[in-house]
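Letters A, B, ... mirror the listed sequences (proteins, then strands); counts begin at 1. Predicted model, so just to flag it, every value in this text is computed and none were measured. Scope of the values below: all heavy atoms of this structure, side chains included, with no hydrogens, waters or symmetry mates.
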Amino acid sequence: MFSRRDLPALHRSVIEWFDTAARDLPWRSPDRSAWGVLVSEVMLQQTPVVRVLPVWAEWMARWPSPADLAAAAPGEAVRHWGRLGYPRRALRLHAAAVALVDRHGGAVPGTYGELLALPGVGSYTAAAVAAFAFGQRENVVDTNIRRVHARAVTGTALPARSLTAAEMRLAADLLPAEPAESVRWNAAVMELGALVCTARSPQCGQCPVRAACAWLAAGRPAPEYVPKGQAWAGTDRQVRGAVLAVLREAEGPVVRDVLLSGPIDLGLGGEGRLSAALSRLHRLGAPEEQRGRALAGLLDDGLAEETAAGIQLPA
DNA sequence: AATGCGTGGAA
DNA sequence: TTTCCAAGCAT
């Protein structure tokens, strides 16, 4: 365990490493807005940076302010979410934009509590936006930071299965007292987890804190549990994704039977993105009951709506 | 507290 | 090929 006396040296070494190794990401640019930071943080939830980059740029060009997104139909947010995954995030970001216009004069608020009240913003995202967009001293704890703390301080290969109070306390104890330094520290530890102290094959030889790492000192012991993998093939989630992909590519309503029944010749000649999405859906070979369940889920979540003409993204 | 929720690149 | 897992949130 680090003693408080060692903390300044620890902070210095990680932040100095960050100064040389940090990626040049657009949401870290001096001219990015707080809105840009919020959008990036939501897009980055469970999603790799390289896939977020192009979508974030398109969103910033299309909807440079909360009011711009709030003025669009929620279905447009879902459509332009593309294949980022977890499309409910797009819907919640739209709802957040509406809330910003309604309650905050169209601006992103700067306090943890106000941010936490927004749709799709949880404890991590609220802390991250308050810290990175507003320079506040916040206890930012994401999966990267948890893993770095687990290894370097606690000496285990992985953090606990779920975020524990002990982890939050540890992170709070490690946080530099000075706000500007705390922001650098949060970003630096997160970057260290993303680039060096990675989940699969950590590059301990490049780690600025290898000399003090409890996990390395213990001989890199194996994880104490095996994370259970997420099933995918044959799941409702897979079918949901394929159904929504069809709605995303469609300009207007899609009749229910096209989604629920076997392949139907729409006279599109097999060309185009809509046809490709329909082919992918039908090639899954999911039972009609499962497709119905997936569609019901999408409707229930507000990711789709049913009109007399058929199923479409929410208008 | 445990689940459900997408997607695709890399190991 | 299959498996892992990436700046979580809501319920």
Which residue pairs pass the side-chain hydrogen bond (donor to acceptor under 3.5 Å, both in side chains) test when at least one of the two sits in residues 151-171 of chain A, sequence neighbours left out? R146(A)-E167(A), T164(A)-E167(A)

In short, side-chain hydrogen bond (donor to acceptor under 3.5 Å, both in side chains) pairs touching residues 171-181 of chain A with sequence neighbours left out are none

L244(A) CG to L295(A) CG distance, which is reported to the nearest 0.5 Å: 10.5 Å

CD on Q46(A) to CG on D142(A), rounded to 0.5 Å: 10.0 Å

Taking for S162(A) and for R51(A) the nucleotide of DNA chain B with the nearest heavy atom, the one nearer the 5' end belongs to S162(A)

Tell me the interatomic distance from [X], atom [atom1], to [N], atom [atom2], rounded to whole angstroms.
X	N	atom1	atom2	result
R28(A)	dA7(C)	CZ	P	11 Å
L93(A)	dA7(C)	CG	P	19 Å
Q230(A)	dT2(C)	CD	C1'	14 Å
R146(A)	dC5(C)	CZ	P	13 Å
H149(A)	dA7(C)	NE2	P	14 Å
L53(A)	dA7(C)	CG	C1'	12 Å
R147(A)	dC4(C)	CZ	C1'	12 Å

Near DNA chain B, under 4.0 Å by heavy atom, which residues of [range]?
range	result
residues 238-245 of chain A	R240(A), G241(A)
residues 121-141 of chain A	none
residues 33-47 of chain A	Q46(A), T47(A)

Report which part of the nucleic acid [X] touches: base, sugar-phosphate, or nothing (heavy-atom distance under 4.0 Å, all strands).
X	value
R248(A)	sugar-phosphate
L84(A)	base
L25(A)	base
W27(A)	base
R23(A)	base
R237(A)	base
T143(A)	sugar-phosphate

What pairs of residues pass the ring pair (Phe, Tyr, Trp, His ring centres under 6.0 Å) test when at least one of them lies in residues 92-116 of chain A, not counting sequence neighbours?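 Ring pair (Phe, Tyr, Trp, His ring centres under 6.0 Å) check on residues 92-116 of chain A returns no pairs.
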
Under the side-chain hydrogen bond (donor to acceptor under 3.5 Å, both in side chains) criterion, do R89(A) and T47(A) qualify, and how do the steps go? CA-CA 11 Å; R89(A) 291 181 293 169; T47(A) 307; 3.0 Å; yes

Salt bridge (Lys or Arg N to Asp or Glu O under 4.0 Å) assessment of R280(A) paired with E249(A): CA-CA 12 Å; R280(A) 279 197 300 273; E249(A) 300 304 339; 5.6 Å; no

Determine all donor-acceptor pairs shorter than 3.5 Å in which one atom belongs to a side chain in residues 117-136 of chain A; sequence neighbours excluded.
from: Y124(A); atom 1: OH; to: E41(A); atom 2: OE1; distance (Å): 2.7
from: T125(A); atom 1: OG1; to: Q45(A); atom 2: NE2; distance (Å): 2.9
from: Q136(A); atom 1: NE2; to: G110(A); atom 2: O; distance (Å): 2.1

Do [X] and [Y] make a side-chain contact, defined as non-hydrogen atoms from C-beta onward lying under 4.5 Å apart?
X	Y	result
L298(A)	R240(A)	yes
L174(A)	W185(A)	yes
N186(A)	L175(A)	yes

So, using side-chain contact (heavy atoms from CB on, under 4.5 Å) as the criterion, who are the partners of P208(A) when residues are at least two apart? W17(A), L192(A)

Could you give the start and end, 5' to 3', of the contact zone on DNA chain B for chain A, using atoms under 4.0 Å from its heavy atoms? dT3(B) to dA11(B)

For atom P, what is the distance between dA7(C) and dA2(B), given to the nearest Å? 23 Å

Does H149(A) have any ring pair (Phe, Tyr, Trp, His ring centres under 6.0 Å) partners at least two apart in sequence or in another chain, and if so, which? none

Please list, chain by chain and in numerical order, all residues satisfying ring pair (Phe, Tyr, Trp, His ring centres under 6.0 Å) with W63(A), sequence neighbours excluded. W59(A), H80(A)

R79(A) and E76(A) ion-paired at < 4.0 Å: yes

Could you check whether E306(A) pairs with R256(A) (Lys NZ or Arg NE/NH1/NH2 to Asp/Glu carboxylate O, under 4.0 Å)? yes

Joint cluster assignment, L216(A) & V209(A), ILVMFWY side-chain distance < 4.5 Å: no

What residues 189-206 of chain A contributes to the DNA chain C interface at heavy-atom separation below 4.0 Å is M190(A), A194(A), A199(A), R200(A)

